[in-house]
Amino acid sequence: MSDLSLIFSKFSFLGNPTKLIKIFLQLENLIKKQKSNYPKPDVSDVLYVKVEDDIYRLHKKKFIKEVILPNGANVIILSKLALANSLKIVGKPGDGDLNQILKALRKEKDLKKCQEIINEISDSFLTNLSIKELIKIIRNANCKMKLATLSQAKNI
């Protein structure tokens, strides 16, 4: 299944593929234009998000706060202001964290908020990833979550 097909299957309930393609292209352009020179690891499917002094690691569809960012990492860098404004867009207090944005967006039926968040973070967004690498990391995180759930179910 291609990356675009995967995205469509995940968001099929949204109904308007044109808006979805627009958001995907907007995100792809953002990632292409705003590159970080932070060193990448040789092989890793771990995603870190750095919000000024705070570091988060994606683990099983959640962001876990970390103490230090490794010397080589797949990283997305944002400002605290962009995070606070994104939280306000999804109706959460500005002092929340990344998990609140994810939780709110999972429940969201309108792509307009996704587009607003992309616009909000665009000034401070930096990454050392391509869109393809980002999708691969997210897909792997989802697969690991499903495998862990299956192995727990077998142990019951």
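Numbering of residues begins at 1 and proceeds along the displayed sequence. All figures in this text were calculated on a predicted structure; none of them were measured in a lab.
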- Item | Any residue meeting salt bridge (charged side-chain N to carboxylate O under 4.0 Å, His left out) with Glu66, in chain and number order, not counting sequence neighbours |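 Partners of Glu66 under the salt bridge (charged side-chain N to carboxylate O under 4.0 Å, His left out) test: Arg57.
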- Who are the salt bridge (charged side-chain N to carboxylate O under 4.0 Å, His left out) partners of Lys113, not counting sequence neighbours?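 Lys113 satisfies salt bridge (charged side-chain N to carboxylate O under 4.0 Å, His left out) with Glu108 once adjacent residues are dropped.
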If the condition is side-chain hydrogen bond (donor to acceptor under 3.5 Å, both in side chains), which residues does [X] pass it with, not counting sequence neighbours?
X	value
Asp54	Lys65
Glu133	Lys40, Ser130
Asn119	Gln26
Ser122	none

- Message: With rounding to the nearest 0.5 angstrom, report the CG to CG distance, Leu134 to Leu58.
- Response: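 Nearest 0.5 Å value for the CG-CG distance: 9.5 Å.
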- Query: CG/Asp123 to CG/Leu126 distance, rounded to the nearest 0.5 angstrom?
  - Reply: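 Nearest 0.5 Å value for the CG-CG distance: 11.0 Å.
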- Is the side chain of Asn128 donor-acceptor paired with the backbone N or O of Tyr38 at a distance under 3.5 Å, no angle test?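 Indeed, once roles are kept as given, a pair shorter than 3.5 Å links the two residues.
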Can I get a per-line list of side-chain donor-acceptor pairs under 3.5 Å for residues 74-81, giving both atom names and the distance, sequence neighbours left out?
residue : atom : partner : partner atom : Å
Asn74   : ND2  : Ser44   : O            : 3.1
Asn74   : ND2  : Val46   : O            : 3.1
Ser79   : OG   : Ala82   : N            : 3.0
Ser79   : OG   : Ser124  : OG           : 3.3

- Task: Only counting residues at least two apart or in another chain, list the ones meeting side-chain contact (heavy atoms from CB on, under 4.5 Å) with Glu116.
- Result: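 Ile89, Lys112.
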- Could you tell me which residues satisfy side-chain contact (heavy atoms from CB on, under 4.5 Å) with Pro70, sequence neighbours excluded, listed by chain and number?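 side-chain contact (heavy atoms from CB on, under 4.5 Å) list for Pro70, sorted by chain: Tyr48, Ala73.
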- Message: Listing request: all salt bridge (Lys or Arg N to Asp or Glu O under 4.0 Å) pairs with a residue in residues 67-76, at least two apart in sequence or in separate chains.
- Response: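 Pairs touching residues 67-76 that pass the test: none.
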Got a list of side-chain donor-acceptor pairs under 3.5 Å for residues 94-104, not counting sequence neighbours?
residue : atom : partner : partner atom : Å
Asp97   : OD1  : Asn99   : N            : 3.2
Asp97   : OD1  : Gln100  : N            : 3.3
Asn99   : OD1  : Phe63   : N            : 2.7
Asn99   : ND2  : Phe63   : O            : 2.8
Gln100  : OE1  : Asp97   : N            : 3.2

